[in-house]
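First the structure, in the form of structure tokens, and then the observations on it.
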Amino acid sequence: MTKKLYYENAYQTTFEATVMKSGDDYIVLSETAFYPTGGGQPHDKGTINGQEVTNVEEIDGEIRHYLNDSIPIGTIVEGIIDKDRRFDHMQQHAGQHILTAAFVELYGYETISFHLGTQIVTIDLNVENISPVELERVEKLANQMIQEQREIQTKWITKEEVSQYPLRKDPSVEDHIRLVIIPEFDYNACGGTHPRNTSEVQAISILGTERQKKKTRVEFVCGNRVRKQLHDKTTTVTKLTGLLNAPQGELETAANRLINRNKTLEKELKMLQETVFRFEAMDLLKEITSIGNQRVVQAVLIDKSLQELQTISRFILANNSEVNVLLVSEINGKLQFVCQREQTPINMKNLAQSVLPAINGKGGGNEKQAQGGGEAKTITSDALLTMLLHQLM
Ligand SMILES: [Zn+2]
């Protein structure tokens with residue numbers, strides 16, 4: 001069994017140990033300060049004899065330090081832990097204990113899971129909704145616990161002693177139970193690394209919540225991450241105040257004004273586009289082609305979407321219901337076409353189907369109106385229109 005130095009002193013970041021086992025890509029040591037992934041907390045990083053430790057995991061009771069090159073059994077090695085990463089994890093983990101306890105203390109909401117991410121930390125609470133007022137009060141109590149500089153104790157107990165402590169959950173391990181205690185506030189069975197005092201957590205900031213079925217995920221950061229968050233948010237706000245030409249307090253009003261103006265402009269643009277399409281339809285109606293006893297309005301239009309072709313076609317037929325409309329357009333490297341009529345006896349669905357193989361395309365519709373689209377590689381839009389016209393002969 002490896003001696004777990006991280007349980008004796010969470011601040012120890014250098015150590016010496018003997019290699020007890022040497023696998024293909026990992027080693028097991030006589031003692032280690034490297035915390036293995038577990039209990040929601042990621043593993044430590046650092047070096048062993050100068051080699052980067054890529055992962056640390058506890059498997060079958062052994063703590064495996066993964067390395068690119070293995071080290072022979074019996075070698076005495078020097079381990080160095082990435083101090084900043086360890087302390088960050090200590091801050092986030094202790095912060096999580098405090099926040100979890102504050103939710104229980106004020107509202108009885110229980111934490112069902114915890115995740116310590118690279119940017120933010122989350123806990124899932126067994127409640128569907130949490131109000132902003134509740135969040136604010138919880139955040140305030142959590143930060144008060146930090147300001148009161150409460151001691152954080154750790155204690156090893158046996159299964160029999162568990163009942164002496166007001167634990168939130170039954171411990172997941174049977175024996176050698178490790179308690180993390182903030183006296184008169186939080187009693188927890190936990191195997192993570194924590195600072196000695198709540199003051200070292202520095203600050204807790206709730207960033208937001210996300211509803212997940214019957215639970216709520218609370219996102220937060222502690223310690224140095226609060227400063228980082230504030231820095232990032234300040235950078236964003238500064239950019240926005242410049243872009244919107246409004247001070248921070250008026251950003252919301254300025255953004256709303258912009259959004260509403262955008263909506264109005266979109267409406268106006270849509271109306272103008274319709275007017276243009278009406279004119280295009282009127283223009284096309286000036287040249288009606290006769291094929292046999294059928295009269296046809298036909299055109300190749302530039303950069304029109306299928307929806308736009310359909311709108312123009314509708315306007316044409318609204319003015320003259322006795323023509324057949326055949327419109328083709330090439331847009332973004334694809335061919336699109338619409339065939340439509342009101343009074344004539346032409347089956348537009350059959351007409352559309354007959355040209356689809358030529359453009360390796362897909363289409364649909366009914367007797368009166370059909371459309372399709374496909375590749376522009378094999379034939380041009382003019383050739384496609386010619387094919388459609390031929391079908392009317
Ligand atoms: Zn813990």
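Just so you know, these numbers use all the heavy atoms, side chains as well, and skip hydrogens, waters and symmetry mates. Residue numbers run from 1 in the order of the sequence given. Remember, it's 1-based here, ligands and their atoms both numbered in the order they're listed.
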Next on the checklist: Are Leu384 and Leu392 linked, directly or through intermediate hydrophobic residues, by side-chain heavy-atom contacts shorter than 4.5 Å (ILVMFWY only)?
Outcome noted: yes

Next on the checklist: Just to be careful: counting only protein atoms that are N, O or S, how many fall under 2.8 Å of the Zn ion (ligand 1)?
Outcome noted: 4

Next on the checklist: Please check: side-chain N/O of Thr241 versus main-chain N/O of Pro247, any donor-acceptor pairing under 3.5 Å?
Outcome noted: no

Next on the checklist: For the residue pair Gln91 / Glu200, report whether a side-chain donor-acceptor contact shorter than 3.5 Å exists.
Outcome noted: no

Checklist entry - When rounded to the nearest 0.5 angstrom, what distance separates CD1 in Ile120 from CZ in Arg225? => result 9.0 Å

Item to check | Mutual orientation of the aromatic rings belonging to Tyr7 and Trp156 [parallel < 30°, tilted 30-60°, perpendicular > 60°] | outcome: perpendicular

Checklist entry - Should the ring pair His65 and Phe34 be called parallel, tilted or perpendicular, given that the plane angle runs from 0 to 90° and is split at 30 and 60? => result perpendicular

